[in-house]
Amino acid sequence: MAQQVRGVVARGKGSPVSLETIIVPDPGPGEALVRIQACGVCHTDLHYREGGINDDFPFLLGHEAAGVVESVGEGVADVAPGDFVILNWRAVCGQCRACRRGRPWYCFDTHNAEQKMTLLDGTELSPALGIGAFAEKTLVHAGQCTKVDPTVSPAVAGLLGCGVMAGIGAAINTGNVGRGDSVAVIGCGGVGDAAIVGARLAGAAKIIAVDIDDRKLETAKRMGATHTVNSKATDPVEAIRGLTGGNGADVVIEAVGRPETYRQAFYARDLAGTVVLVGVPTPEMQLELPLLDVFGRGGALKSSWYGDCLPSRDFPMLIDLHLQGRLDLGAFVTETIALDDVEKAFDRMRSGDVLRSVVVF
Ligand code: APR
Ligand code: ZN
Ligand code: ZN
């Protein structure tokens, strides 16, 4: 039987979100009903609310979530009721060329739940990133669920569903940071800070944090940066080279998404170094570079999609490291809030002094 639960809905472009009663159907074939225990507030939710992603209002917001599977539909074998899971944006097919080559984030045939959750009047909801987890329960494709150690705090676990995984994965998966490497991270918001944590986990010797905001650089230091550069005051390329014996960093991670920071990342890498692009540019942005510099410095220019992660491999591994005290995912949780405080959390996010507000149920 379909259930009624409370959820945070964005009804129209720019209007404040509202806490509403929503109807969640029983899981159909391949689907899972998840009782949400925690869900982080991410910039992408704010983008949805402001109409910056698409116009498919009303949205059921929330997508960085963990919870317990309540029931599953026909044919679901990988998760069962009672399992503690982290949700990800889409189930991958496992069959296409991208999946077969171990790059599921480029999968050509991804899935979310087929059935729609609705408002009381029957209006279909668009779940943010195919999840919609600012709700007591949500319906997803079972392949969006990854089981992890249930002794972890849900508020911490949910973070791996989005920005924190993107940043850690940019360092350990895409950048392939190695022991003793020098790493520069340009842009120290949630994603950049997670890249710093990833670089530290991988054994980087030098981790240079670059930002235009001194408060962000303070946080970056707490996350494990060994050096900080305020790029408003100092040329970051010169500073990074200066801190690496005149060479540049082995791996430079760009976590802003602007032409000038792409350029800085490009020139701050050592000969044969790697540039990892995590910051997402807008369609209008262009960058002109001398081809001889592209050619002459060698190395690799890579973009990182969701940290190039394999949820089934990376989620349980990172949760285990956290539980062992070797990775402090708790450092990303600035505050825990109630479901009806999401709008206020958006305000605090805009002011820039919160890493993550996490709704706990
Ligand atoms: N140089 C250096 N840092 C900058 C600059 C700049 N020119 N402009 C902005 N920043 C810093 C901000 O001060 C902030 O600390 O970049 C950081 C961006 O952080 P957030 O806004 O918190 O964004 P975050 O969630 O970390 O995402 C960063 O990664 O996944 C993508 O879409 C996401 O493009 C976004 C990027
Ligand atoms: Zn997110
Ligand atoms: Zn696929």
Side-chain angles (χ1 to χ4, degrees), residues 39-48 52-53 61-65 87-111 128-131 133-134 143 158-167 169-170 184-196 208-220 223 228-237 239-240 252-265 268 276-282 285 303-307 332 334 348-356 358:
C39 181
V41 184
C42 172
H43 281 99
T44 306
D45 295 305
L46 184 59
H47 282 310
Y48 272 110
I53 302 217
L61 300 180
H63 61 275
E64 299 189 344
L87 301 181
N88 67 67
W89 307 339
R90 45 205 190 161
V92 298
C93 77
Q95 308 292 324
C96 72
R97 192 170 131 272
C99 284
R100 284 185 186 280
R101 297 172 88 198
R103 296 168 187 159
W105 287 101
Y106 296 99
C107 175
F108 300 107
D109 188 18
T110 59
H111 299 280
L129 289 170
I131 294 178
F134 288 146
L159 299 181
L160 292 184
C162 185
V164 172
M165 184 68 244
V185 176
I186 302 177
C188 302
V191 174
D193 280 342
I196 289 169
I208 304 162
V210 179
D211 205 291
I212 50 175
D213 181 341
D214 282 329
R215 291 175 309 167
K216 302 289 182 162
L217 292 171
E218 277 308 309
T219 313
M223 294 289 181
T228 59
V229 175
N230 186 322
S231 53
K232 250 188 182 161
T234 316
D235 174 6
V237 175
I240 292 166
V252 184
I253 299 170
E254 199 281 358
V256 184
R258 300 191 50 79
E260 66 269 25
T261 43
Y262 267 49
R263 178 185 295 275
Q264 290 161 5
V276 178
L277 306 171
V278 207
V280 183
T282 64
M285 289 177 179
S303 64
S304 184
W305 275 90
Y306 195 22
F332 289 92
T334 311
R348 283 194 289 276
M349 175 184 281
R350 285 198 202 86
S351 77
D353 42 37
V354 170
L355 256 180
R356 270 295 179 275
V358 181

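Order of appearance sets the numbers: ligands from 1, and atoms from 1 within every ligand.
- For His63, the N, O or S atom with the smallest separation from the Zn ion (ligand 2) is NE2.
- From the protein, the heavy atom lying nearest to atom 5 (C) of ligand 1 is Ile212 CD1, 3.7 Å.
- Applying the side-chain contact (heavy atoms from CB on, under 4.5 Å) test between Phe332 and each of Val358, Thr219, Leu160, Leu159 identifies Leu159 as the sole match.
- Distances shorter than 4.0 angstrom do not occur between any heavy atom of Ala166 and any atom of ligand 1.
- Going from atom CZ of Arg350 over to atom NE2 of His43 covers 9.5 Å, rounded to the nearest 0.5 Å.
- Taking only nitrogen or oxygen atoms, main chain and side chain alike, Ile186 does not reach within less than 3.5 Å of ligand 1.
- Separation of atoms CD (Gln95) and CZ (Arg100) is listed at 5.0 Å; rounding is to 0.5 Å.
- With a heavy-atom cut-off of 4.0 Å, Thr261 touches ligand 1 through its side chain alone.
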Verdict with supporting geometry, Cys42 and His63, side chain to side chain contact (heavy atoms under 4.5 Å, CB included): CA-CA 8 Å; Cys42 172; His63 61 275; 3.5 Å; yes

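- Considering CE of Met165 and CD of Glu64, their distance stands at 12.5 Å, rounded to 0.5 Å.
- In this structure, the separation between CG on Leu87 and SG on Cys162 is 12.0 Å, given to the nearest 0.5 Å.
- Near Gly187, with a cut-off below 4.0 Å to any heavy atom, the atoms of ligand 1 are 3 (N), 16 (O).
- The closest protein non-hydrogen atom to atom 36 (C) of ligand 1 is Ala255 O, 3.6 Å.
- Centred on the Zn ion (ligand 3), the angle running from Cys107 (SG) to Cys93 (SG) is recorded as 110°, rounding to 10°.
- Here the CZ atom belonging to Arg356 is positioned 10.5 Å from the CG atom belonging to Asp193, to the nearest 0.5 angstrom.
- With the Zn ion (ligand 3) as the vertex, atom SG of Cys99 and atom SG of Cys96 span an angle of 110° (nearest 10 degrees).
- Protein heavy atom closest to atom 17 (C) of ligand 1, with residue, atom name and distance, is Gly189 N, 3.6 Å.
- Given atom 13 (O) of ligand 1, the protein heavy atom at minimum distance is Asp211 OD1, 2.7 Å.
- Checked by distance only, ligand 1 and Val210 stay at 3.5 Å or farther apart across all their nitrogen or oxygen atoms.
- Rounded to the nearest 0.5 angstrom, Thr334 OG1 and Met349 CE are separated by 10.0 Å.
- Distance from atom 26 (O) of ligand 1 to its nearest protein heavy atom, with residue and atom name: Val191 N, 2.9 Å.
- Asn230 and Asp214 share a side-chain donor-acceptor pair at under 3.5 Å.
- In terms of heavy atoms, Cys188 sits closest to Asp211 at N-OD2, 2.7 Å.
- Contact between Gly163 and ligand 1 is absent, with no heavy atom of the residue lying under 4.0 Å from the ligand.
- Distances between N or O atoms of Gln264 and those of ligand 1 include no value under 3.5 Å.
- Within the listing of ligand 1, atoms 29 (O), 30 (O), 31 (C) sit less than 4.0 angstrom from a heavy atom of Val278.
- In this pair, Tyr306 and Trp89 present their aromatic rings parallel. The plane angle is below 30°, not in the 30 to 60° band.
- Of the possible polar contacts, none joining the Tyr48 side chain to the Gly62 backbone as a donor-acceptor pair under 3.5 Å is found.
- Of all the heavy atoms of Ser231, the ones lying under 4.0 Å from any atom of ligand 1 belong exclusively to the side chain.
- Note: an N/O pair closer than 3.5 Å links Val280 and ligand 1 by distance alone.
- Applying the 4.0 Å criterion to heavy atoms of Gly190 picks out, from ligand 1, the atoms 22 (O), 26 (O).
- The minimum heavy-atom distance between Arg348 and Val354, with the atom names listed, is CB-CG2, 3.7 Å.
- Ligand 1 has no atom lying under 4.0 Å from any heavy atom of Gly257.
- The shortest N or O to N or O distance between Val256 and ligand 1 is under 3.5 Å.
- Atom 20 (P) of ligand 1 has His43 CE1, 3.7 Å as its closest protein atom, hydrogens excluded (heavy atom only).
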Working for side chain to side chain contact (heavy atoms under 4.5 Å, CB included), residues Ile208 and Val229: CA-CA 7 Å; Ile208 304 162; Val229 175; 3.9 Å; yes

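- The Zn ion (ligand 2) has Cys42 among its coordinating residues (N/O/S atom, backbone or side chain, under 2.8 Å).
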